[in-house]
Colleague: 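First the structure, which I've put down as C-alpha cells, then a few questions once you've had a look.
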2 protein chains.
Amino acid sequence: MKKDALDLISSQVVRKTLAQQVEEQIIDLLISNKLKPGDKLPPEMELMELLGVSRPVMREAMTSLESLGIVKRKTRDGTYFTESISNKPFSTMLSLVSDNIEAIVEARTSLELGLVTYAAEKMTDETLEALNDTIIKMENSVDNEYGEHDLMFHRIIALSVNNPVLQGMIDSLLLSHVKINAQIKYREKEKTIRHHKAIYEALKKKDPQAAFQAMYNHLKFVEGKVLE
Amino acid sequence: MKKDALDLISSQVVRKTLAQQVEEQIIDLLISNKLKPGDKLPPEMELMELLGVSRPVMREAMTSLESLGIVKRKTRDGTYFTESISNKPFSTMLSLVSDNIEAIVEARTSLELGLVTYAAEKMTDETLEALNDTIIKMENSVDNEYGEHDLMFHRIIALSVNNPVLQGMIDSLLLSHVKINAQIKYREKEKTIRHHKAIYEALKKKDPQAAFQAMYNHLKFVEGKVLE
DNA sequence: ATTAATCTAATTGTAATACAAATAGAATTA
DNA sequence: TAATTCTATTTGTATTACAATTAGATTAAT
C-alpha cells in the first residue's frame, strides 16, 4: 500500500500501522455483529484481498488478536472468534507484576469484596449447595490438602455473579493467588473453614452487607498470612 | 527454522508458534529483570539473529506485544518497554462487551467497592483535599456540567490506593462508564453531591466499613439510574 | 555563538514470493 | 462399515526488497 497524494490527509490523521487498523476492523466485525463469537473468519488470503493489505500485515494483525484471546487459529482449519471473553491478556499483565505480591493480593481482595456483595443479591439454592459441598470436602480433607476446595469456594462465588468481565479478571487473579498461597508455611484449616461458613451463612441470607463483612474478615486474614 | 529429527520431542511438547515463543521470551526479559520498563529493546534485526527467527515472526511477536501495551515502537527510533501496566487490553475487552451495559456497570461497582475499602485504610490528607476539591467544583458547576468532577472524584479514590493492577482495570471501566452515563436523562446533582460527601466523611475517618457502605449506597443509586 | 535548515543513515513499516507443516475431509481400501 | 491413505486447504516460517519516518549529525544562516 504505497502512499500517494490522495492519502495525504487521512494518513496525517490516523497515524496507525496497517496491522493496527486491520486489527480494529476485525474487532469491528464482532462489535457490529457482522460475525459472532465462535464464527469462522475468512482465510487470510481472502481477508488480505478484501482489506487490501499484504500477508505479513494481515498476519501481524491476526497474531495480535490471538494474543488478546479474541481469535484462535488452527492450521489447515482456519481462524475462529473465541466464544467468551479471554483472561489471556489479563494473565499476561499479572505475570508482569508477579513480583509485586501486595498489588496482586490487594487486587484480588478488592475484586472479591465487590463480587461477594453481588453474589449475595443473586444467590441461588444450587450455588449454596455447591459452596457447602466445598466446605464439607475441606472438613474431610487430611493434612493441609484442602487448597483445591478452598479455591473452588471462591470460584463458585465468582461464577455465581455470572458476569463475563468480572469472571475473566478474577480467574486470573485467583490463579496468581494460588501460586502465592503455596508459599504460606503455617496454614490454618479450622479458621479458614470457620470463615467460609460465615460467608456461606451471609450469602444464604442474601445479605450483601453481611457477606461483605464476612469476606472482609476472611481476606484480611489471608492477606496477613500472605504478606508475612 | 526447518524441522528436523532432533526437534521431534521438543516440538511435540511446546506446540506454540514461533511468534508466541518469541513473545514470551521478550516478556521474560522484563520478568527476569534483564530489562526494565522504559528500556529500549535491541533493533529487530539483532533480536532476529539472537533468537534465530525470521523478520516476519519477530514482527508478529512485537506487534502482539504492542497491542498488549507492553512495548511501544517508534519508526527510526526503536522499540521501548512501556513504563507502566497498560489498560489497553482491558479497554479492548470492554469494547467487545460494550453492548452488555449491566456487566460493565457491575464490574465497575464491584471493583470500586473493594477499592474504597483500601482507600479508607490508606487515606492521606492530600487525597482528602483533592476529593473535597472535586465536591466544591461540583457544587459550583452550572447546569449539569459536573460529569468531569464526578469522574475525577472516583479516579482520585482509585489512584489513592496506589495499585498498578487495580489502576489499569478501573481506568478502563470508568472510561466505559462515562459513555454509559452520557445517556442518562435526568441527572441528580444534589443527591450525587450528598453521596460524595458521605463517602468523603467515611474516608476521612479511615473507616473501611463506613466507606464501603457509603460507596454501596452511591453506586446502587448510579446503577439504578443507568439500568433504566 | 546560536539558531535554523538540510542531510543521512538507522529503524520500523509494507509488500511479494516461496515453500513447509499440519490436518479436515475426501477417496480408497479392507 | 470401519480403517487407512491421500490430497488439497489453510496456517506457519523464511527471504528479499524497498518505502516511510525521523533522531541525530551536518551545514548554513544570522
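For clarity, every value in this text was computed on a predicted model and none was experimentally measured. Worth knowing before you read on, the calculation uses all heavy atoms, side chains too, and leaves out hydrogens, waters and symmetry mates. Lettering of chains follows the sequences in order, A, B, ..., and the numbering in each one begins at 1.
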Colleague: B:Q20 side chain to B:T17 main-chain N or O, any donor-acceptor pair under 3.5 Å?
Modeller: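 Side chain of B:Q20 to backbone of B:T17: a pair is present.
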Colleague: Quick test: give all pairs of protein nitrogen or oxygen and nucleotides 4-10 of chain D nitrogen or oxygen below 3.5 Å, distance rounded to 0.1 Å.
Modeller:
residue	atom	partner	partner atom	Å
D:dT9	O4'	A:R76	NH1	3.4
D:dT10	O4'	A:R76	O	3.4
D:dT10	O2	A:R76	N	3.2

Colleague: Once ring pair (Phe, Tyr, Trp, His ring centres under 6.0 Å) is applied, what residue pairs with a partner in residues 88-131 of chain B remain, sequence neighbours excluded?
Modeller: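 Counting only pairs at least two positions apart or across chains, the ring pair (Phe, Tyr, Trp, His ring centres under 6.0 Å) contacts touching residues 88-131 of chain B are A:F90-B:F90.
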Colleague: Do the ring centers of A:H154 and A:H149 come within less than 6.0 Å of each other?
Modeller: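 Judged by ring-centre distance (under 6.0 Å), A:H154 and A:H149 do not meet the cut-off.
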Colleague: If only side-chain N and O atoms of A:R55 are considered, is one of them under 4.0 Å from the OP1 or OP2 phosphate oxygen of C:dT17?
Modeller: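 For A:R55, the contact criterion (side-chain N or O under 4.0 Å from OP1 or OP2 of C:dT17) is not met.
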Colleague: Return the value, rounded to whole Å, for the distance between atom CE of B:M58 and atom P of D:dT16.
Modeller: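 Computing the B:M58:CE to D:dT16:P distance gives 17 Å.
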Colleague: Want to settle it: does A:M48 or A:A19 sit nearer the 5' end of DNA chain C, counting the closest nucleotide to each?
Modeller: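 It is A:A19, whose closest nucleotide lies nearer the 5' terminus.
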Colleague: Within this structure, what is the NZ-to-C1' distance between B:K72 and C:dT11, rounded to whole angstrom?
Modeller: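 Taking atom C1' of C:dT11 as the reference, NZ of B:K72 is at 15 Å.
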Colleague: Taking only the side-chain heavy atoms of B:R73 (C-beta and beyond), determine which of C:dT14, C:dT12, D:dT11 contains the nearest atom.
Modeller: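 Among C:dT14, C:dT12, D:dT11, the one nearest the side chain of B:R73 is C:dT12.
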Colleague: Could you pull out all residues at least two apart from B:T82 that satisfy side-chain contact (heavy atoms from CB on, under 4.5 Å)?
Modeller: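 Result, side-chain contact (heavy atoms from CB on, under 4.5 Å) vs B:T82: B:K72.
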Colleague: Starting at CD of B:E60 and ending at P of C:dT12, how long is that distance when rounded to a whole Å?
Modeller: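 It is 16 Å, rounded to the nearest whole Å.
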Colleague: Starting at atom CG of B:L18, determine the distance to atom C1' of C:dA22, rounded to an integer number of angstrom.
Modeller: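 Answer to the nearest Å: 14 Å.
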Colleague: Show me, pair by pair, the donor-acceptor contacts under 3.5 angstrom made by side chains of residues 44-51 of chain B, not counting sequence neighbours?
Modeller:
residue	atom	partner	partner atom	Å
B:E44	OE1	B:R55	NE	2.6
B:E44	OE1	B:R55	NH2	2.9
B:E44	OE2	B:R59	NH1	2.5

Colleague: Give me each pair satisfying salt bridge (charged side-chain N to carboxylate O under 4.0 Å, His left out) with a member in residues 166-178 of chain B, each pair once, sequence neighbours excluded.
Modeller: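 Non-adjacent pairs meeting salt bridge (charged side-chain N to carboxylate O under 4.0 Å, His left out): B:R155-B:D171.
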Colleague: To the nearest 10 degrees, what angle separates the axes at the start and end of the helix from C:dA1-D:dT30 to C:dA30-D:dT1, five pairs each?
Modeller: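 Comparing the first five pairs with the last five, the axes sit 10° apart.
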Colleague: Does A:D77 pair with A:K40 as a salt bridge, N-O distance under 4.0 Å?
Modeller: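 Answer for the salt bridge query: yes.
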Colleague: Consider only side-chain N and O atoms of A:T127 and A:T124, and report whether a donor and an acceptor are under 3.5 Å apart.
Modeller: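 A pair is found: one side chain offers a donor N or O, the other an acceptor, under 3.5 Å apart.
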Colleague: Is any side-chain N or O of A:R59 closer than 4.0 Å to OP1 or OP2 of D:dG12?
Modeller: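 Yes, A:R59 has a side-chain N/O under 4.0 Å of OP1/OP2 on D:dG12.
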